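Here is the structure we will look at, set down as C-alpha cells.
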Amino acid sequence: MAHVVTPLDQPSNYKDSQNRVDRQAQNEVLAKSSTLYIGNLSFYTTEEQIYELFSKCTSSEEGGGVKRIIMGLDRNTKTPCGFCFVEYYTHAEALACMRYVSGTKLDERIIRCDLDLGYKEGRQYGRGKSGGQVRDEHRQDYDAGRGGWGAQAQKIEIERRREVEDRYQDATDGPNAVAGGGGDWKERDGTGNPLKRGRSPEDEAESLRPTARSRKDRDQDDDS
C-alpha cells in the first residue's frame with residue numbers, strides 16, 4: 001500500500017532542457033535543494049500573497065523561513081507572467097511546502113510546487129517567443145488570470161483585425177469608394193480646410209417660405 005499513492009513531497013520527473021546535468025546528478029542536487037518552483041500562478045498574484053502562503057510551513061524561531069521570492073517576468077514587458085521561485089533556508093521547509101501547499105488554491109487557481117535545482121540570474125524570464133511562458137504561447141482556451149487568450153491566438157486576432165482595417169481603408173480610398181461619416185456633405189477649399197456644402201436652389205426656396213408667410217400674416221393683422 002505504501003507505493004499506491006505517490007508521496008506529496010516527491011519531486012516530479014521534469015528536467016530543465018537548459019540544464020546540462022544528467023538525471024542522477026539532478027536527483028542528488030534536488031535531495032538537498034531548498035528552492036521551490038511555483039507554477040500556474042495568476043498574472044495578478046502579488047509577492048506579498050505568495051509570501052503569506054508559503055510562510056505557513058516555516059519556523060522563523062528555528063532559524064528558518066522564506067529567504068526570498070523571485071517573481072517570473074515576461075521577457076519583453078517585465079511584468080509577472082505566472083510563475084515564481086521561493087527560496088527557503090532549509091531543505092525540510094521546502095519539502096513541507098511541497099507536501100502541504102502544492103495543489104492548493106491561491107487567487108482561485110490551483111498552484112503546483114516542485115523542487116528546483118536553484119535559481120540563477122536569467123531564469124526569472126519567460127522562454128516563450130512572445131516573452132511569457134511557453135505554455136501560454138499555444139494555449140487555445142481563454143484564461144482571464146493569464147492574459148486572456150494564448151499569445152499566438154492573440155497574434156492571429158490582431159492580424160485579422162489589421163486585414164479588416166486595410167480592406168476598409170482600400171474601400172474608402174479607391175475609385176469606387178463608399179462615402180462614409182458624412183464626408184459627401186463637405187468640400188475643401190484651396191487650403192485643405194473643410195467647408196460646408198454649397199446651398200442649392202431648393203435650399204434657397206425652403207428658406208424663403210417662412211419669410212413670405214410672415215409677411216402675409218402681418219398684412220392680415222394690419223387689415224383687421
Side-chain angles (χ1 to χ4, degrees), residues 4-19 23 26 30 33 35-57 66 68-87 94-169:
V4 174
V5 179
T6 303
L8 297 177
D9 56 1
Q10 182 70 32
S12 71
N13 292 322
Y14 171 78
K15 186 177 187 305
D16 189 348
S17 60
Q18 295 188 4
N19 198 305
R23 179 69 68 178
Q26 174 175 304
L30 292 178
S33 176
T35 302
L36 289 181
Y37 170 88
I38 317 301
N40 200 39
L41 292 172
S42 165
F43 288 5
Y44 307 103
T45 299
T46 65
E47 186 173 335
E48 289 75 15
Q49 289 175 286
I50 295 170
Y51 184 89
E52 181 181 2
L53 177 62
F54 284 87
S55 296
K56 294 184 181 299
C57 298
V66 175
R68 66 169 175 167
I69 296 172
I70 301 99
M71 298 295 290
L73 303 175
D74 184 290
R75 188 174 61 255
N76 300 323
T77 63
K78 303 301 185 291
T79 55
C81 65
F83 72 98
C84 75
F85 298 93
V86 178
E87 291 184 350
L95 286 181
C97 278
M98 268 191 65
R99 184 181 298 116
Y100 299 116
V101 177
S102 185
T104 61
K105 279 190 175 183
L106 178 59
D107 262 359
E108 299 303 316
R109 302 182 66 85
I110 297 177
I111 60 174
R112 58 178 182 275
C113 310
D114 199 6
L115 280 177
D116 190 81
L117 295 175
Y119 170 77
K120 292 182 180 180
E121 184 62 31
R123 291 191 64 199
Q124 73 268 39
Y125 298 120
R127 298 175 181 175
K129 292 181 179 179
S130 300
Q133 287 193 279
V134 175
R135 59 168 291 195
D136 291 315
E137 283 292 318
H138 306 287
R139 179 167 48 77
Q140 296 298 318
D141 62 319
Y142 183 87
D143 190 338
R146 295 184 69 89
W149 299 104
Q152 294 301 318
Q154 291 186 31
K155 183 178 179 180
I156 292 172
E157 178 62 18
I158 292 173
E159 292 176 350
R160 185 191 68 81
R161 291 184 180 182
R162 186 178 293 116
E163 290 177 359
V164 172
E165 291 174 357
D166 290 343
R167 287 199 299 268
Y168 177 78
Q169 190 67 32

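Quick caveat: nothing in here was measured; it's all calculated off a predicted structure.
Annotation: side chain of M98 is in contact with side chain of L115 (closest heavy-atom distance under 4.5 Å). Side-chain contact between L36 and D114 is absent, with no heavy-atom pair separated by less than 4.5 Å. Contact annotation: the side chain of V86 never approaches that of C97 to less than 4.5 Å [non-hydrogen atoms, C-beta and beyond].
With S102 contributing its side chain and C113 its backbone, the two residues share a donor-acceptor pair below 3.5 Å. Checking side-chain atoms of E47 against main-chain N and O of M71 turns up no donor-acceptor pair under 3.5 Å. In this structure a side-chain-to-backbone donor-acceptor pair under 3.5 Å is missing from S130 to G132. Not one N or O on the side chain of R135 forms a donor-acceptor pair closer than 3.5 Å with the backbone of G128. With hydrogens and angles disregarded, a donor-acceptor distance shorter than 3.5 Å links the side chain of R146 to the backbone of L41.
Residue I70 holds its CD1 atom at 9.5 Å from CD of E121, rounded to the nearest 0.5 Å. Within the model, atoms OG1 of T104 and CD1 of I111 stand 4.5 Å from one another, a figure rounded to the nearest 0.5 Å. With rounding to the nearest 0.5 angstrom, the CD atom of E108 is 10.5 Å from the OG1 atom of T45. Between the OG1 atom of T79 and the CZ atom of F43 there is a distance of 7.5 Å, given to the nearest 0.5 Å.
For the side chain to side chain donor-acceptor pair (under 3.5 Å) test, no residue two or more places apart in sequence or in another chain qualifies with Q140. Qualifying side chain to side chain donor-acceptor pair (under 3.5 Å) partners for R161, counting only residues two or more places apart in sequence or in other chains: E157. Remark: R109 pairs with N40, D143 by the side chain to side chain donor-acceptor pair (under 3.5 Å) rule, at least two apart or across chains. Checked against side chain to side chain donor-acceptor pair (under 3.5 Å), R123 has the following partners two or more places apart in sequence or in another chain: D116. With sequence neighbours left out, the salt bridge (Lys or Arg N to Asp or Glu O under 4.0 Å) criterion links R68 to E87.
Within the structure, ring pair (Phe, Tyr, Trp, His ring centres under 6.0 Å) contacts touching residues 120-148 (residues at least two apart or in different chains) are Y142-W149.
Between Y119 and F85, the angle of the ring planes lies from 30° to 60°, which puts this pair in the tilted group.
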* To do: Would you sort out whether I69 and F54 count as a side-chain contact (heavy atoms from CB on, under 4.5 Å), showing the intermediate values?
  => CA-CA 10 Å; I69 296 172; F54 284 87; over 6 Å; no
* Can C84 and I50 be said to form a side-chain contact (heavy atoms from CB on, under 4.5 Å), step by step? -> CA-CA 9 Å; C84 75; I50 295 170; 3.8 Å; yes
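Across every non-hydrogen atom of N76 and D74, the tightest pair is N-OD1, 2.7 Å. Nearest heavy atoms, S55 versus V66: OG-CG2, 3.6 Å. Across all their heavy atoms, E52 and K56 have their closest contact at O-CG, 3.6 Å.
Other residues, nucleotides and ligands place more than 12 heavy atoms under 6.0 Å from the NZ atom of K78.
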